[in-house]
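What follows is a single structure, written as structure tokens, with notes after it.
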Amino acid sequence: MLSATARLIRLLSLFQAQRSWTGADLAARLEITERTLRRDVDRLRSLGYTVDSTSGVAGGYRLGAGTAMPPLLLEDEEAIAVALGLGNPVGASGDIENASMRALAKLEQLMPPRLRRRLDSVRSSVVPVMHDKSPVRLKAVSFLAEACTDRLELRFGYRDHHDALTERTAQPHRVVQTGRRWYLLAWDVAREDWRTFRLDRIVEPEPTGERFTPRRLPHGDVAAYMEHALKVSPYLHHAQVVVHAPVEALEPYLGWVGGTPQAVGDGSTRIATAANSLDALAVWLGCLPHDFEVESPLELVAHLALVAGRLARAATGKTSHRPPKAVGRLPRI
DNA sequence: CTCTAGCTTCCAATAATAGG
DNA sequence: CCTATTATTGGAAGCTAGAG
């Protein structure tokens with residue numbers, strides 16, 4: 001049986017995992033009787049924690065907002081996520097940043113050595129280029145970052161932008177967060193070249209069992225290399241447009257193309273994007289509910305004029321009606 | 001009123017700790 | 001090591017309160 005003190009900590013962690021509990025459930029979890037539970041609840045209250053209790057059919061216990069933060073019990077993944085977040089306070093400055101640093105120092109002090117090693121490995125292998133959200137699981141980031149640190153060669157499936165799955169063997173170098181995505185920068189063994197792999201397209205990565213000697217990056221700095229690598233994408237047409245809307249307003253549309261948004265004062269956003277056809281770019285731009293200017297390429301400006309003319313004729317019913325020669329495929333965006 | 005769930009009080013058993 | 005003290009735990013009984 002746990003000691004009374006250990007039980008109080010366990011009780012607090014149960015309250016953090018689930019807000020409301022019945023006395024019977026709590027007692028069962030703590031392997032004590034309800035009588036002892038009531039005494040434990042009393043102890044928490046005497047320590048300053050607000051524990052609300054409700055009697056009756058829908059009754060139970062619930063941890064209220066107290067005067068101080070209860071001691072948090074974090075799972076391994078949660079602790080690493082919090083530490084990463086504190087070390088990278090997006091948009092924070094001054095007091096908030098200072099508070100983040102103090103909290104991070106406390107957290108690291110309490111971290112068991114195995115977690116601290118893991119955090120170091122994630123931190124040294126993750127290079128932030130720009131901050132944003134990503135659907136990638138922390139577990140995947142953590143696993144790949146550890147492979148970078150331990151120089152473990154990896155084998156994984158990779159789904160390219162045509163959704164074709166290929167088997168890859170790679171020597172992971174760094175995990176990079178840029179724009180809305182996470183990437184693994186790695187040496188592709190079969191192709192004998194550097195490649196950037198989107199983490200959300202990597203399928204079932206596993207170590208081959210081989211260890212490798214790290215290579216030098218062609219552009220030296222990882223962040224600089226990633227900026228370069230992401231600009232030189234496999235798309236046929238690259239465009240740069242300035243949209244008269246803030247970055248947040250464009251978020252819903254950025255998932256359509258691989259655009260990298262960048263705020264340019266006066267509430268506008270510059271987007272570097274690419275697609276396999278000018279039609280695809282035109283369709284995407286046409287769907288934006290904001291005005292925009294095309295900075296490059298000139299062919300896109302000409303193509304937009306062509307599309308605009310076609311749309312105008314369709315709108316006025318003055319089309320030169322000719323049957324299509326063949327049913328073309330929809331442009332791939 | 002009945003049922004359910006938490007609260008309070010009293011009492012006894014057991015375990016842990018302090019002191020000689 | 002033994003004894004006394006203190007803390008912890010659990011059981012029982014009766015109470016309060018909310019919901020149907």
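Naming convention: chains lettered A, B, ... in sequence-line order (proteins, then strands); numbering from 1 in each chain.
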Residue pair L199(A) / Y183(A): nearest heavy atoms and the distance that separates them: CD1-C, 3.4 Å
field: Sub-4.5 Å side-chain heavy-atom contact between D193(A) and D188(A)
entry: no
- request: Calculate the interatomic distance between R38(A) atom CZ and dT8(B) atom C1'; express it in whole Å.
  value: 9 Å
message: Measure CG/L37(A) against C1'/dG11(C) and give the value in whole Å, please.
response: 16 Å
- request: Using atom CG of D40(A) as one end and atom P of dA7(C) as the other, report the distance to the nearest whole Å.
  value: 16 Å
message: Measuring from the side chain of T36(A) (C-beta onward, heavy atoms only), which nucleotide among dT9(C), dG11(C), dG6(B) has the closest atom?
response: dT9(C)
task: Could you check how far CZ of R35(A) sits from P of dA13(B), rounded to whole Å?
output: 17 Å
- request: Classify the side chain of R39(A) versus the base of dG10(C) as yes if they form a donor-acceptor pair under 3.5 Å and no if they do not.
  value: yes
statement: Rounded to the nearest 0.5 Å, the CG atom of L306(A) sits from the CG atom of L278(A) at a distance of 10.0 Å
